[in-house]
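For reference, the structure discussed in these notes is given below.
Protein chains get the first letters and strands the later ones, always in sequence-line order, with residue 1 at the start of each.
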Amino acid sequence: MSTMVKLRLPDGRVLEAKIGESILEQIPPESGLVAKVDGKLVDLTWIVREGVGTIEVLDFNSPEGRETYWHTSSHILAQAVKRLFPEAKLGIGPAIEEGFFYDFDLGGKSFSPEDLERIEEEMRRIVKENLPVVREEMDREEAIKLFKSMGEVYKVELLEEMDEDVVSVYRQGEFVDLCRGPHLPYTGYVKALKVLHASSAYWKGDERNPVMQRVYGISFPTEEELKRYLKMREEARKRDHRIVGPQLDLFSMPSEVIGPGLVIWHPKGARIRRVIEDFLVRVHLKWGYELVYSPHIAYTNLWRTSGHLNYYRDFMYVFEKEGIEHAVKPMNCPFHILVYKSKRRSYRELPMRLFELGTVYRYERSGVLHGLLRARGFTQDDAHIFTTPEKLEEEIFRVIELDEYLMRSFGFEEFKVEISTWDPRHPEEYMGSEEDWNRAQSALEEALRKKGYEYEVMEGEAAFYGPKIDVKLVDSIGREWQLSTIQLDFNLPKRFNVTYVDANGSEKTVIMIHRALLGSIERFFGILLEHYAGNFPLWLAPVQVRVLPVAERHLDRAREVLERLLNAGVRADLDDARGTLGYRIRESELEKVPILLVIGDREVESGKVAVRRKGKGNLGSMDLEEFLRGFMEEFLPPDLRGGSSTF
RNA sequence: GCCCCGGUAGCUCAGCUCGGUUAGAGCGCCGCCUUGGUAAGGCGGAGGUCGCGGGUUCGAAUCCCGCCCGGGGCUCCA
């Protein structure tokens with residue numbers, strides 16, 4: 001008896017599949033890239049069998065389709081390299097989030113930019129040859145023999161580590177690679193490709209292993225998509241905070257003079273930072289946090305008590321005075337604990353929330369430094385919450401609410417949430433009892449559920465001392481950034497003996513929550529800068545309004561207008577009227593000043609101001625007071641808006 | 001930390017392959033002229049230990065070595 005097998009095309013049409021024929025033969029030409037049968041991905045050349053469920057054909061719009069596309073592209077890359085550099089030994093070549101790479105051992109050599117161009121040309125040739133990509137299964141032993149005969153030592157190594165008895169290889173023309181698949185049916189399916197750059201990486205990511213040359217590439221079904229991607233890359237490059245920041249005179253990192261990973265905040269950057277920090281402080285006070293300060297240095301012993309020293313010593317700046325070892329603080333937790341422990345605490349005082357803009361220094365390895373995003377000195381919006389187990393879930397909920405409020409205030413709308421839990425198979429690797437962990441993890445999940453968030457559970461990703469929630473946000477050009485982290489800690493309360501007296505008069509150990517929502521001010525600032533490409537919203541702009549006299553004879557009136565703006569609390573400055581009007585407007589545009597008030601003969605006479613909004617052009621003239629009323633809300637930080645104006 | 005690539009004026013870059021006048025350009029800066037109505041007015045000028053140190057050479061921005069700093073990766077990210 002034969003059941004019907006259905007074949008669903010990417011456009012939603014459903015065909016009846018013919019048993020014994022390949023999928024490829026039954027669908028319109030190049031209408032799909034790969035297929036999913038009963039949850040398993042198969043090549044389009046797969047022969048339809050009886051008794052399988054619906055076959056779903058996938059195209060480039062699906063993650064699996066893209067992955068297959070890029071995976072085959074990586075094989076084309078490897079084939080091109082083998083043609084041009086027969087002595088190259090193949091490493092691995094996966095699809096990645098965007099595009100693909102392939103690793104090669106060139107015996108100590110590396111690829112020049114000209115090599116990369118030649119490789120790209122050769123890849124195009126392979127595409128043009130439209131070679132069939134053929135899957136072949138063989139015994140592992142047979143495969144080892146095959147790759148040994150080709151001198152592919154890394155493939156042999158991979159094979160020897162595998163458990164499977166039967167492995168698959170894929171052939172296209174003269175090229176053969178060990179690969180699980182699936183792949184596109186022909187190399188000609190790849191329409192537009194680009195070799196992006198080369199770099200080096202260690203075999204299996206281990207620096208004791210040989211260095212491989214990693215070549216990155218990208219490919220798309222159409223030239224337009226490739227062009228759009230390259231444009232977007234260019235856009236991302238232009239937004240790079242390391243370029244835009246100094247360009248807008250916000251900050252600099254003169255590492256030759258002060259050392260790597262350290263930031264100098266220039267006046268305009270400092271203005272923005274101050275606005276952000278003031279906002280944070282007000283909001284935290286409103287949300288029931290207390291503001292504290294702690295020193296930048298302390299005896300190294302403090303971190304011995306916290307247990308950080310063993311693990312963290314290499315990251316700490318340590319020095320000696322009067323025979324005692326001191327360290328610059330790499331984190332604020334112990335100080336906040338000391339605030340808590342300065343007296344005996346009752347359950348009535350909990351939860352206690354201590355907040356500090358805590359500047360810390362960590363000796364990050366030089367290779368990981370990256371502008372503001374990974375610096376050696378940075379300021380955390382750090383808080384430690386001491387709570388009873390009963391209040392834990394509600395407290396987590398509140399932290400998440402605050403986090404969402406902050407993110408939305410800064411213009412981020414899209415989030416991704418992850419919970420890192422322990423690995424229940426290895427409880428011995430974690431601090432705390434199974435009850436502790438289960439209660440804590442369900443508190444985290446329950447809080448997220450109540451908030452209506454979707455989240456991903458990363459089992460085994462928790463730190464030994466407690467589970468955590470990480471929040472990533474998505475920026476204006478679709479990139480994801482890890483920002484907020486909310487971590488439970490069963491460890492420090494025990495080490496420092498952090499307790500409270502409960503309703504029955506008995507002493508209990510608190511549960512501690514570490515949380516940094518923006519993460520670090522520096523990092524967040526860098527992300528904001530890239531998110532807005534330097535065009536900060538009005539409430540964050542370092543100069544909100546520039547008064548721009550048409551000629552020097554308008555300077556007096558311009559000064560009056562400036563004074564009115566400053567008195568109203570607006571961050572405003574004055575253009576000095578030197579040079580042509582067009583030139584000065586251009587200057588202000590490049591400086592990304594959001595609003596220009598142009599003052600000429602007409603304005604002096606009428607007492608009005610001509611308003612120009614960046615990106616929108618001339619908005620026409622209006623009365624100065626009318627202008628202030630119209631824009632004041634936008635000038636203010638989100639928490640100060642609505643009603644009581646300050647002028 | 002490791003691998004590869006790089007460092008020339010405040011910025012972006014040319015010159016380096018093959019050593020040889022006084023190291024160039026654009027932007028910015030300064031001065032003068034221009035008093036201009038919504039993204040570049042004109043003319044002139046100043047500005048450089050060619051990342052730092054050493055070596056080779058009659059002679060080094062250029063070739064060699066070491067170091068510092070940056071970039072792309074790997075790794076790390078309590």
Side-chain angles (χ1 to χ4, degrees), chain A residues 101 103 105-106 108-113 196-216 237 240 242-243 246-247 249 252-261 303 306-316 330-331 333 360 362-371 373-374 420 431 462-466 468 470 482 485 487 489 491-492 514 516 519-520 523 548-555 577-591 593 596-603 610-621:
Chain A
F101 69 75
D103 284 346
D105 184 344
L106 289 186
K109 287 209 274 289
S110 56
F111 291 115
S112 68
L196 295 172
H197 65 278
S199 170
S200 61
Y202 297 96
W203 172 236
K204 291 179 181 162
D206 189 329
E207 58 189 62
R208 289 165 305 194
N209 285 339
V211 177
M212 314 287 285
Q213 299 302 311
R214 178 168 294 181
V215 178
Y216 287 86
R237 198 188 61 78
D240 191 321
R242 294 166 300 178
I243 296 169
Q247 220 165 46
D249 202 13
S252 62
M253 301 181 80
S255 46
E256 316 78 39
V257 194
I258 61 176
W303 287 283
S306 70
H308 288 115
L309 201 60
N310 279 337
Y311 196 87
Y312 220 74
R313 184 170 188 113
D314 288 347
F315 289 91
M316 292 169 66
M331 61 217 19
C333 340
V360 297
R362 297 180 184 174
Y363 183 69
E364 300 283 359
R365 308 213 296 176
S366 58
V368 307
L369 297 175
H370 187 88
L373 302 185
R374 195 80 184 270
S420 297
M431 280 285 301
F464 76 89
Y465 53 77
K468 64 172 176 177
D470 285 321
Q482 158 69 50
T485 175
Q487 307 205 355
D489 190 338
N491 178 42
L492 285 183
H514 307 253
S520 107
R523 179 177 158 80
L548 200 145
V550 172
E552 274 167 37
R553 66 174 179 279
H554 309 118
L555 265 170
R578 293 170 50 87
T580 61
L581 186 67
Y583 180 83
R584 289 180 283 133
I585 285 174
R586 179 164 195 272
E587 289 275 281
S588 296
E589 288 279 340
L590 292 176
E591 270 182 62
V593 177
L596 296 183
L597 296 183
V598 178
I599 313 281
D601 288 335
R602 298 200 287 270
E603 287 71 28
V611 182
R612 182 191 164 94
R613 189 82 197 252
K614 182 175 186 318
K616 291 188 184 149
N618 195 347
L619 301 185
S621 292

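Remark: B/rG36 base-pairs with no nucleotide in the shown strands. Criterion, Watson-Crick or G-U wobble with two distances under 3.5 Å. Checking B/rC27 for Watson-Crick or G-U wobble geometry (two distances, each under 3.5 Å) identifies B/rG10 as its partner. Base pairing of B/rG20: its partner is B/rC58, meeting the Watson-Crick or G-U wobble criterion (both donor-acceptor distances under 3.5 Å). Across all strands shown, nothing is found opposite B/rA46 as a Watson-Crick or G-U wobble partner with both distances under 3.5 Å.
Here A/Asp103 pairs with A/Arg214 under the salt bridge (Lys or Arg N to Asp or Glu O under 4.0 Å) rule; sequence neighbours left out. In this structure, the salt bridge (Lys or Arg N to Asp or Glu O under 4.0 Å) partners of A/Arg553, at least two apart in sequence or on a different chain, are A/Asp601. Listed by chain and number, the residues in a side chain to side chain donor-acceptor pair (under 3.5 Å) with A/Ser588 are A/Arg546 (sequence neighbours excluded). Every side chain to side chain donor-acceptor pair (under 3.5 Å) that A/Asp249 has, sequence neighbours left out, goes to A/His266. For A/Phe315, the ring pair (Phe, Tyr, Trp, His ring centres under 6.0 Å) partners are A/Tyr312, not counting sequence neighbours. For A/Arg586, there are no side chain to side chain donor-acceptor pair (under 3.5 Å) partners at least two apart in sequence or on another chain. In this structure A/Arg237 satisfies the salt bridge (Lys or Arg N to Asp or Glu O under 4.0 Å) test together with A/Glu234, sequence neighbours excluded. Residues satisfying the side chain to side chain donor-acceptor pair (under 3.5 Å) criterion with A/Arg613, sequence neighbours excluded, are A/Glu634.
Rounded to whole Å, the P atom of B/rC69 lies 35 Å from the corresponding atom of B/rC27. Here, B/rG54 and B/rG47 have their P atoms 26 Å apart, quoted to the whole Å. Look at the P atom in both B/rA23 and B/rC29: the space between them is 26 Å, to the nearest Å. Rounded to whole Å, the separation between the P atoms of B/rC13 and B/rG20 comes to 24 Å. Between the C1' atoms of B/rG51 and B/rA60, the separation comes to 16 Å (whole Å). Nucleotides B/rG73 and B/rG26, compared at atom P, are 35 Å apart to the nearest Å. With P as the reference atom, B/rG10 and B/rC32 are 24 Å apart, rounded to whole Å. Nucleotides B/rG48 and B/rA9 place their C1' atoms 5 Å apart, quoted to the nearest Å.
In terms of heavy-atom proximity, A/His514 sits nearest to A/Leu492 at CE1-CD1, 3.8 Å. Nearest heavy-atom pair across A/Glu603 and A/Ser621 is OE2-OG, 3.6 Å.
Among the protein residues, A/Gly205 comes within range of the sugar-phosphate backbone only, with heavy atoms under 4.0 Å from sugar or phosphate atoms but none that close to a base. Within 4.0 Å (heavy atoms only), A/Arg602 reaches at least one base atom of the nucleic acid. Backbone-only engagement by A/His370 is indicated by non-hydrogen atom pairs under 4.0 Å involving sugar-phosphate atoms exclusively. Using a 4.0 Å heavy-atom cutoff across all strands shown, A/Gly582 reaches sugar-phosphate atoms only and no base atom. Here A/Asp601 lies in heavy-atom contact (under 4.0 Å) with a base. At a threshold of 4.0 angstrom between heavy atoms, the contacts of A/Val211 are confined to the sugar-phosphate backbone, with no base atom among them. Here A/His308 lies in heavy-atom contact (under 4.0 Å) with a base. Across all strands shown, A/Met331 has heavy atoms under 4.0 Å from sugar-phosphate atoms exclusively, and none from any base. Within the 4.0 angstrom heavy-atom criterion, only backbone atoms of the sugar-phosphate kind lie near A/Leu581; the bases stay farther away. Here A/Thr580 lies in heavy-atom contact (under 4.0 Å) with a base. Contacts of A/Gly579 with the nucleic acid, taken as non-hydrogen atoms under 4.0 Å apart, include base atoms. A/Arg553 comes within 4.0 angstrom of sugar-phosphate atoms only, judged by non-hydrogen atoms across all strands, and of no base. A/Glu603 comes within 4.0 angstrom of a base, heavy atoms only.
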Listed pairs, N/O of protein and of nucleotides 45-48 of chain B, under 3.5 Å:
none

Between protein and nucleotides 4-11 of chain B, what N or O pairs are separated by less than 3.5 Å?
none

Extract from the structure each pairing of a protein N or O with an N or O of nucleotides 27-31 of chain B at less than 3.5 Å, listing the distance.
{"unit_1": "B/rG28", "atom_1": "OP1", "unit_2": "A/Tyr583", "atom_2": "OH", "d": "3.1"}

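The distance from atom CD of A/Glu591 to atom CG of A/Leu596, rounded to the nearest 0.5 Å, is 10.0 Å.
The salt bridge (charged side-chain N to carboxylate O under 4.0 Å, His left out) contacts involving residues 362-371 of chain A comprise A/Glu364-A/Arg374, where partners must be two or more places apart or lie in separate chains.
Across the interface with RNA chain B, nearest-nucleotide mapping of A/Ala198 and A/Lys468 shows A/Ala198 to be the residue nearer the 5′ end. Residue order along RNA chain B, read from the 5' end via each residue's closest nucleotide, puts A/Lys614 first among A/Lys614 and A/Ala463.
For A/Pro260, the listed nucleotide lying nearest its side chain is B/rC69; candidates were B/rG1, B/rC69, B/rU38. When the nucleotides B/rG1, B/rG73, B/rC77 are ranked by their closest atom to the side chain of A/Tyr363, B/rG1 comes out on top. Set against B/rA78, B/rC74, B/rG37, the side chain of A/Ala201 has B/rC74 as its closest nucleotide. Relative to the side chain of A/Arg612, the nucleotides B/rC77, B/rA39, B/rA78 differ in distance, and B/rA39 lies closest. Distances from the side chain of A/Val598 to the nucleotides B/rG1, B/rA78, B/rU38 place B/rU38 closest.
Straight-line distance from the CD atom of A/Glu589 to the P atom of B/rG37: 18 Å, rounded to whole Å. As a whole-Å value, the separation of A/Arg374 CZ from B/rA78 C1' is 12 Å. For A/Phe101 and B/rG72, the CZ to C1' distance is 14 Å, given to the nearest whole Å. Taking atom CZ of residue A/Arg237 and atom C1' of nucleotide B/rG72, one finds them 14 Å apart after rounding to whole Å. One atom, OH of A/Tyr216, and another, P of B/rC3, lie 18 Å apart when rounded to the nearest Å. For the pair A/His197 NE2 and B/rG72 P, the interatomic distance rounds to 9 Å; values are reported in whole Å. In this entry the distance linking CG of A/Leu548 with P of B/rA39 reads 12 Å, nearest Å. Rounded to whole angstrom, the span from the CZ atom of A/Arg214 across to the P atom of B/rC74 amounts to 6 Å.
A sub-4.0 Å separation between OP1 or OP2 of B/rG41 and a side-chain N or O of A/Arg584 is absent. A/Arg365 has no side-chain polar atom (N or O) that falls below the 4.0 Å cut-off from OP1 or OP2 of B/rU75.
At a cut-off of 3.5 angstrom, counting only N and O atoms as typed in the model, there is a donor on one side and an acceptor on the other between the side-chain of A/Tyr202 and the base of B/rC2.
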